[in-house]
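For reference, the structure discussed in these notes is given below.
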Number of protein chains: 2
Amino acid sequence: MLNERATANELSQGAAGLATSGFCAEIGVTACRRLAETAQIETVPADKVLWHDDAPQTAVGIVLTGYLRFQRYSREGRRQILNLTVPGDLFGQETEGRAGYTLEAATEVRLCRFDRRSFDRLVADDGTLRRALYRFNAGRLERLRWLTWTIGALRPEERIVAFLLNARGFLPYRPLPDGAGLISLSVGRRDIADLLATSVETICRVFKALERDGLIRLLDASHILFLDLDALAERAGLPHAAAPEDPADPMTLVNAARGGEPLVSILPAWRGRRPD
Amino acid sequence: MLNERATANELSQGAAGLATSGFCAEIGVTACRRLAETAQIETVPADKVLWHDDAPQTAVGIVLTGYLRFQRYSREGRRQILNLTVPGDLFGQETEGRAGYTLEAATEVRLCRFDRRSFDRLVADDGTLRRALYRFNAGRLERLRWLTWTIGALRPEERIVAFLLNARGFLPYRPLPDGAGLISLSVGRRDIADLLATSVETICRVFKALERDGLIRLLDASHILFLDLDALAERAGLPHAAAPEDPADPMTLVNAARGGEPLVSILPAWRGRRPD
DNA sequence: CGTGGTCTTGACAGACGTCAATAAGGGTGG
DNA sequence: CCACCCTTATTGACGTCTGTCAAGACCACG
């Protein structure tokens with residue numbers, strides 16, 4: 001694990017890597033600078049537990065790259081992921097987890113930690129930060145609503161397709177000139193399954209079915225080529241073709257920040273191939 | 001529909017009817033008094049639409065009695081209820097509903113409306129109110145987490161039982177001396193089904209099964225006698241018997257306020273009966 | 001080149017949603 | 001006060017979706 005003292009410069013480097021609607025971009029320059037004083041960049045491996053209910057950690061920070069899962073188990077071992085913390089998101093700010101929630105790294109994660117005490121003090125002082133926090137929480141609620149609605153009102157296949165579509169907002173994604181797009185599923189099947197309340201097997205089957213129908217193309221286990229976005233939206237049971245990028249999608253509201261994966265590298269290798 | 005100008009007195013009457021953890025109790029006397037100036041008590045019938053996405057209503061207020069449902073439909077007509085607004089809850093404060101949400105009365109509802117403009121101004125002025133708002137939103141998030149987890153990680157039967165148990169926190173409920181309890185399901189089966197992402201038929205079957213096993217007793221369609229709370233908790237797949245009233249249950253955090261139904265009236269009629 | 005983990009595929013069973021018919025209330029008007 | 005009707009709840013029968021189990025393929029890593 002990599003620990004280092006973050007200079008203000010490094011932090012703003014990190015912040016610069018985040019897209020415009022990341023939390024960092026909202027809080028204003030002054031707050032950002034004051035936070036930087038206690039910030040430290042850290043890299044944690046996948047599956048590391050950052051926080052669970054009986055360990056009142058002082059973990060507050062922002063995810064720079066990678067993904068965290070906020071989850072809870074049922075007694076019979078079924079797991080439900082309540083939130084995917086994506087690059088640009090604040091994490092650990094919630095004190096209210098009295099139930100058995102845990103916060104874990106879903107992938108290797110680079111994050112920027114703040115001293116809890118300083119953070120709280122800063123929140124008390126800085127109205128801009130407080131307002132940003134408020135807006136962030138509103139976004140978090142909206143995201144959870146999307147998830148709940150998806151799980152509750154859509155069938156597994158629809159869920160999975162809907163997830164693929166709005167994953168464009170927070171997973172490494174690159175639109176291609178011909179209307180297609182390439183996405184990188186950097187989180188594992190298991191996590192996707194437990195987010196969408198389905199099974200990894202069903203995910204596989206749906207993926208293959210979509211490929212058979214020519215809507216997507218599976219390059220490898222973690223790279224999918226979207227061939228027909230409209231047909232996908234149709235299949236997801238969405239009102240209409242979800243707008244490619246900009247609005248309407250609650251998930252993208254908070255996270256325009258992407259994973260920062262070198263998505264280009266895999267592209268050339270597959271570029272010329274016919275869809276045979 | 002009943003419209004009247006609320007005097008400060010009437011409002012505090014209404015507020016007095018709310019239990020301690022209702023939103024009203026949190027905002028402090030001054031804010032409460034200033035709100036009362038523009039408040040008006042109103043009674044709306046069941047199924048009345050209070051708000052939907054393309055009608056940017058100025059509806060802000062507090063539910064005094066009855067229940068609101070905050071919901072969204074899928075294209076195929078499946079509905080998911082995202083939140084039950086219970087007595088003591090603030091409603092309408094969320095501006096962020098760009099998706100096709102609607103807010104409707106699930107039962108006949110008595111509510112206390114505020115002028116949106118005054119309310120917003122008051123929020124800007126009063127720090128206490130703002131903090132209460134923040135806490136309220138945190139509670140709302142926690143409630144939604146509970147729902148999501150319940151839908152995602154529990155099977156239909158478990159969901160239904162879990163719902164029954166924590167409905168003690170927000171539906172008319174009266175604990176009985178012998179450890180039993182009487183609850184009034186003032187919201188219809190359909191709404192419960194769409195909240196828990198299941199069907200009314202399944203709810204019926206589960207109820208009957210629970211009655212066969214002696215865990216509950218169905219007095220009539222909307223009144224249930226809890227006979228064995230521990231066994232119910234077990235059946236719900238909960239870690240242990242959920243505490244009767246006070247803590248641990250996210251749903252009760254925000255709403256200790258109950259429905260205010262004359263629950264006593266039905267009681268004597270069934271009291272002496274053997275469980276045959 | 002083994003080994004463990006994740007992903008994929010197939011076979012299978014059962015839970016639960018859907019459809020349809022009946023029962024039970026609750027309200028309204030004669 | 002009864003008859004009627006319409007909504008909601010209940011019960012039964014049925015089919016299928018999808019989760020589970022088990023085996024195999026595919027990587028990535030050591």
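Order of the sequence lines sets the chain letters (A, B, ...), proteins ahead of strands, with each chain counted from 1. Every heavy atom of this structure was used, including side-chain atoms; hydrogens, water molecules and symmetry mates were not.
- Regarding contacts with the backbone of dG17(C), a side-chain N or O of T202(B) is found under 4.0 angstrom from either OP1 or OP2.
- Heavy atoms of E157(B) sit nowhere under 4.0 angstrom from any nucleic acid atom.
- Checking dT20(D), dG12(D), dC7(C) against every side-chain atom of R205(A), the shortest atom distance belongs to dT20(D).
- Whole-Å rounding puts the E201(B) CD to dC16(C) P distance at 14 Å.
- Counting any heavy atom pair closer than 4.0 Å across all strands shown, R159(A) reaches no nucleic acid atom.
- Each of T85(A), N83(A), D47(A), T102(A) was scored for a side chain to side chain donor-acceptor pair (under 3.5 Å) with R69(A), with one residue passing: D47(A).
- We find that CZ of F207(B) is positioned 16 Å from C1' of dC16(C), with the value rounded to whole Å.
- Nucleotide dG5(C) holds its P atom 21 Å from the CG atom of D220(A), rounded to whole Å.
- From one end of the helix from dC1(C)-dG30(D) to dG30(C)-dC1(D) to the other, with five pairs defining each end axis, the axis direction shifts by 40° (rounded to 10°).
- Residue R155(A) has no polar side-chain atom (N or O) positioned under 4.0 Å from OP1 or OP2 of dG17(C).
- Between L185(A) atom CG and dC27(D) atom P there is a gap of 16 Å when expressed in whole angstrom units.
- Between dT20(D) and S199(A), no contact under 4.0 Å exists linking OP1 or OP2 to a side-chain N or O.
- Between F170(B) and F163(B), the ring planes are perpendicular. Angles over 60° get that label, and only those under 30° would be called parallel.
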Might you work through the side chain to side chain contact (heavy atoms under 4.5 Å, CB included) test for E201(B) and R189(B), ending with a clear yes or no? CA-CA 9 Å; E201(B) 293 90 336; R189(B) 298 276 191 276; over 6 Å; no
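- Look at CG on D47(A): it is 14 Å from C1' on dG4(C), rounded to the nearest Å.
- I151(A) has its CD1 atom 16 Å from the C1' atom of dG19(D), to the nearest Å.
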Quick one: do R212(A) and F207(A) satisfy side chain to side chain contact (heavy atoms under 4.5 Å, CB included)? Show the steps, please. CA-CA 9 Å; R212(A) 264 197 309 278; F207(A) 280 2; over 6 Å; no
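- R78(A) has a side-chain polar atom (N or O) that falls below the 4.0 Å cut-off from OP1 or OP2 of dT20(D).
- Side chain of C204(B), nearest nucleotide from dT10(D), dC16(C), dG10(C): dT10(D).
- Partner Q71(B) forms a side chain to side chain contact (heavy atoms under 4.5 Å, CB included) with one of L84(B), I81(B), L103(B), L82(B) and no other, that one being I81(B).
- Rounding to whole angstrom units, CG of residue D191(B) and P of dA9(D) are separated by 9 Å.
- The CD1 atom of I203(A) sits 10 Å away from the P atom of dT8(C) (whole-angstrom rounding).
- Each of dT20(D), dG12(D), dT10(D) was ranked by its minimum atom distance to the side chain of K208(B); first place goes to dT10(D).
- Remark: R190(B) CZ is loosely packed, at most 12 non-hydrogen atoms of other residues, nucleotides or ligands lying under 6.0 Å away.
- Using a 4.0 Å cut-off, some side-chain N or O of R189(A) falls inside it from OP1 or OP2 of dT8(C).
- Residues L185(B) and I224(B) come closest through the heavy atom pair CD1-CD1, 3.7 Å.
- Taking the six-membered ring where tryptophan is involved, the planes of F70(A) and Y101(A) are tilted, since the angle between them lies from 30° to 60°.
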